[in-house]
Amino acid sequence: MDSLEISPHIYSIPAQPAFYTGPQAPNVFLVHDGGEGALVDSGFGDEKSVRVRLDFLKEHAGIKVRYILLTHHHFDHTSGAQQLRKATGARVVLHAGEERFLLDSKSEAPQDLEATAEENKQVAEAIQRFRDQAAEATPDLRVSDGEEFTVGSLTVRVVHTPGHTLGSVCFYMPGEKALFTGDTALGLGTVAISPPPYGDMGLYLESLARLKTYDCALMLPGHGQNVHDVPSKLQELIDHRHEREAQILKLMADGKRTPKAMLSAIYMELDKRIVPMALRQIEAHLAKLEAEGRVARAGDEWVLPG
Ligand SMILES: [Zn+2]
Ligand SMILES: [Zn+2]
């Protein structure tokens, strides 16, 4: 696959998907100016994916990669980071709140891709390998909202956008009016939001609303196509969540009291592999509604108060 010059200061470095499940292959970008560069996410750590990215950097030897900016801990974005760091001497950057999830390769925290119980050992082993690789990418710099990096004459600002994970960040380049959104906003489809303690639907909606206030002409997501009409895209994602929330409240009024019962009413047919993810989405909505006092738990069931 050929790299893509998105703007005079931004390349995309695509690789074939290293894994058959999941929405699309993760995007990896290189921001550069004046002989300096920063990668946004690392992609997968399998040999082929890493090779493609290293070959690209070799062809652009005039760019010294100073940072590997990770949008969040999920292994489709981070498992290549240690190998890329070794090859380039770049420093790995991660939000402080993500570190413990990145380093704990046995963590219960949901990932973007998971093996279901029925899937074969090979898949589970491949996932564990990616998790182990991700755990090697110990951050050199732990960042928080508002911190800035310079790449040549460019500024890259950390925007903390909790929701998909609690330490998810976007990277904003004011000079380019460009926003790297990781899995907070995708180019295609909607992203999985887990219920607390791993994600937070209420915070997610606040994060999307905050991103809408940025002067932004180009959104570069963690998966899928680049987006040019950024405010509309963000509004579409916000609307989708509000619609789903309304749908859940309606289903509850109709007597559906568990995420499972709601799931089969929302989706006619669902790939088995994404059932756990879809259930967590519903739980994430319910947790938000619970925090707002609009639904309540009753044992394993959920009820409307009053
Ligand atoms: Zn992802
Ligand atoms: Zn993710």
Side-chain angles (χ1 to χ4, degrees), residues 12-29 39-46 49-50 53 68-81 84 92-95 97-105 107-115 123 126-127 129-131 133-135 137 139 159-171 179-201 203-204 207-208 211 219-227 233 237 241 271 273-274 276-278 280-281 283-284:
S12 165
I13 321 172
Q16 292 289 345
F19 211 78
Y20 71 92
T21 61
Q24 302 106 345
N27 293 328
V28 175
F29 301 100
L39 288 166
V40 178
D41 281 339
S42 74
F44 281 108
D46 65 295
S49 303
V50 171
R53 271 123 201 176
I68 301 169
L69 306 170
L70 300 177
T71 57
H72 64 300
H73 74 86
H74 288 155
F75 64 70
D76 46 333
H77 305 264
T78 58
S79 54
L84 295 175
V92 171
V93 175
L94 184 75
H95 187 270
E98 290 287 275
E99 185 174 5
R100 69 189 176 96
F101 296 111
L102 181 82
L103 299 187
D104 180 3
S105 65
S107 163
E108 298 285 300
Q111 291 279 339
D112 291 334
L113 314 167
E114 287 169 71
V123 176
I127 285 183
R129 263 200 307 280
F130 285 131
R131 280 175 169 260
Q133 285 181 321
V159 186
H160 183 208
T161 49
H164 174 63
T165 65
L166 294 182
S168 276
V169 298
C170 296
F171 295 104
L179 184 68
F180 297 90
T181 53
D183 283 357
T184 296
L186 300 185
L188 200 72
T190 52
V191 75
I193 306 298
S194 296
Y198 304 117
D200 190 299
M201 186 65 75
L203 292 178
Y204 180 63
S207 291
L208 291 178
L211 288 179
M219 180 185 116
L220 303 126
H223 302 268
Q225 297 295 313
N226 302 333
V227 173
K233 182 67 188 180
L237 296 175
R241 298 298 172 172
D271 186 329
R273 285 196 296 263
I274 64 168
M277 208 178 270
R280 281 200 303 271
Q281 301 263 41
E283 284 160 14

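Each ligand, and each atom within it, is numbered from 1 in the order the structure gives. Source: prediction; values computed, not measured.
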| query | Given side chains that start at C-beta, do those of L179 and L211 come closer than 4.5 Å, heavy atoms only? | reply | yes
| Does the side chain of H73 reach to within under 4.5 Å of the side chain of E99, using non-hydrogen atoms? | no
| query | Counting backbone and side-chain atoms alike, does H74 have an N/O/S atom under 2.8 Å from the Zn ion (ligand 1)? | reply | no
| Is H223 close enough to the Zn ion (ligand 1) to have an N, O or S atom under 2.8 Å? | yes
| To the nearest 0.5 Å, what is the distance between NE2 (H223) and CG (D183)? | 4.0 Å
| task | Using the Zn ion (ligand 2) as the apex, give the angle to atoms OD1 (D112) and OD2 (D183), rounded to 10 degrees. | result | 90°
| said: Return the CG to OG1 distance between L70 and T78, rounded to the nearest 0.5 Å. | reply: 6.5 Å
| task | With the Zn ion (ligand 1) at the centre, find the angle made by OD2 from D76 and NE2 from H77, to 10°. | result | 90°
| query | Please state the angle at the Zn ion (ligand 2) spanned by NE2 of H72 and NE2 of H164: what is it, rounded to 10 degrees? | reply | 100°
| task | For R131 and A109, work out which heavy atoms get closest and say how close. | result | NH2-O, 3.5 Å
